[in-house]
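Numbers restart at 1 for each chain; the letters A, B, ... are given by sequence-line order, proteins then strands. Here the structure is a predicted model, which means the values were calculated and not measured.
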Amino acid sequence: DTEVTQTPKHLVMGMTNKKSLKCEQHMGHRAMYWYKQKAKKPPELMFVYSYEKLSINESVPSRFSPECPNSSLLNLHLHALQPEDSALYLCASSQDFAPGYGYTFGSGTRLTVV
Amino acid sequence: GEDVEQSLFLSVREGDSSVINCTYTDSSSTYLYWYKQEPGAGLQLLTYIFSNMDMKQDQRLTVLLNKKDKHLSLRIADTQTGDSAIYFCAERGTGRRALTFGSGTRLQVQP
């Protein structure tokens with residue numbers, strides 16, 4: 001298995017809702033990432049997990065809450081989002097942090113906040 | 001801080017070669033990457049080059065690195081309509097745990 005699987009592919013949520021994005025990989029990768037991508041823009045780093053521990057939080061608002069229950073799973077819990085949070089949310093993984101290892105990206109969850 | 005820049009748009013005819021350019025500022029960059037993103041999809045790693053290399057070829061793809069000028073290019077030979085996508089240059093410097101992406105170049109291939 002050489003894929004990163006993200007669910008759901010599309011999500012529409014109201015500003016008072018609570019929802020979660022899920023990401024799964026079975027490649028034995030020990031680093032996992034959440035990126036946010038707005039239309040016609042490059043991906044922006046949100047969080048980095050290393051060996052299931054939060055390693056980097058790029059000053060992301062607390063309405064986004066990441067969780068890494070085990071080495072294969074990464075969640076992003078969403079609560080009280082704003083319309084400007086609408087974007088493509090990408091999960092990625094890499095074997096570790098050695099620069100020679102590129103990221104494997106999932107196909108993303110397209111989130112619309114109404 | 002790190003900065004990676006690309007031109008926004010490139011249009012070529014099918015069968016021609018495409019050259020997508022990228023410049024970066026971080027002199028500690030050790031690996032540089034090219035990713036492809038098709039509409040509505042995630043990013044696909046195309047190729048990468050280590051900073052002590054000048055060139056890397058992989059089938060239709062040729063990566064050239066000028067470390068002195070901090071300039072990276074991706075050449076796609078015999079460009080096909082299926083190559084139409086956004087191409088992102090990315091780099092990661094020593095000691096940094098995440099990639100920095102360029103703004104992306106939209107490649108349009110005309111039949």
Side-chain angles (χ1 to χ4, degrees), chain A residues 2-7 9-10 21 23-25 27 29-51 53-60 87-112, chain B residues 1-9 20 22 24 26-53 56 58 61 63 65 74 85-108:
Chain A
T2 58
E3 290 186 347
V4 173
T5 303
Q6 289 188 245
T7 56
K9 290 196 183 306
H10 300 274
L21 309 185
C23 173
E24 190 167 0
Q25 58 87 12
M27 296 177 280
H29 288 177
R30 305 317 298 263
M32 296 185 76
Y33 311 80
W34 280 115
Y35 279 83
K36 173 183 177 179
Q37 187 180 26
K38 301 283 275 185
K40 301 186 191 304
K41 296 290 186 184
E44 297 176 3
L45 182 67
M46 300 176 74
F47 302 105
V48 179
Y49 271 82
S50 169
Y51 290 83
K53 293 193 187 320
L54 184 63
S55 174
I56 295 177
N57 176 342
E58 290 286 301
S59 303
V60 178
L88 180 68
Y89 287 84
L90 294 164
C91 174
S93 69
S94 63
Q95 188 161 340
D96 64 22
F97 292 115
Y101 296 106
Y103 293 3
T104 301
F105 277 88
S107 55
T109 293
R110 186 159 300 280
L111 174 67
T112 304
Chain B
E2 315 84 37
D3 195 18
V4 181
E5 295 193 359
Q6 302 177 237
S7 53
L8 292 181
F9 183 74
I20 302 171
C22 170
Y24 60 97
D26 186 355
S27 57
S28 76
S29 296
T30 51
Y31 278 85
L32 297 118
Y33 306 83
W34 284 104
Y35 283 86
K36 175 184 180 183
Q37 187 176 33
E38 298 186 53
L43 278 73
Q44 174 194 355
L45 177 64
L46 289 178
T47 187
Y48 65 90
I49 189 166
F50 187 44
S51 60
N52 69 354
M53 298 168 66
K56 181 178 180 181
D58 184 0
L61 304 179
V63 179
L65 175 60
L74 174 69
I86 300 176
Y87 290 81
F88 290 98
C89 167
E91 61 87 25
R92 182 157 66 174
T94 304
R96 285 195 285 112
R97 290 193 158 191
L99 298 179
T100 298
F101 286 90
S103 53
T105 299
R106 181 177 296 277
L107 175 64
Q108 180 183 71

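Annotation: the span from B:F88 atom CZ to A:Q37 atom CD amounts to 5.0 Å, rounded to 0.5 Å. Here the CG atom belonging to B:L43 is positioned 9.5 Å from the OH atom belonging to A:Y35, to the nearest 0.5 angstrom. Taken to the nearest 0.5 Å, the OG atom of A:S94 stands 11.0 Å off from the CG atom of B:L45.
For B:F50, no part sits under 4.5 Å from any heavy atom of chain A, backbone or side chain. Contacts of B:A41 with chain A are made by backbone atoms alone, with heavy-atom separations under 4.5 Å and no side-chain atom involved. Both the backbone and the side chain of A:Y103 come within contact range of chain B, each with at least one heavy atom under 4.5 Å from a heavy atom of that chain. Using a 4.5 Å cut-off between heavy atoms, A:T104 makes no contact with chain B at all. Contacts of B:I86 with chain A are absent, with no heavy-atom separation under 4.5 Å from either backbone or side chain. Residue A:E44: no heavy atom, backbone or side chain, is found under 4.5 Å from chain B. For chain A, the nearby part of B:Q37 is the side chain; its heavy atoms alone come within less than 4.5 Å.
For CZ of A:R30, the number of neighbouring non-hydrogen atoms (other residues, nucleotides, ligands) closer than 6.0 Å is greater than 12. Around NZ of A:K38, the count of heavy atoms belonging to other residues, nucleotides or ligands within 6.0 Å exceeds 12.
Looking only at side-chain heavy atoms (C-beta outward), B:Y35 and A:P43 stay at 4.5 Å or farther from each other.
Among all heavy-atom pairs drawn from A:L45 and B:A98, the shortest one is CD2-CB, 3.3 Å.
For A:R110, there are no salt bridge (charged side-chain N to carboxylate O under 4.0 Å, His left out) partners two or more places apart in sequence or in a different chain. Judged as a salt bridge (charged side-chain N to carboxylate O under 4.0 Å, His left out), and not counting sequence neighbours, the contacts of B:E38 are B:K36.
In terms of heavy-atom pairs under 4.5 Å with chain A, the best-connected choice from B:G40, B:A90, B:G102 is B:G102.
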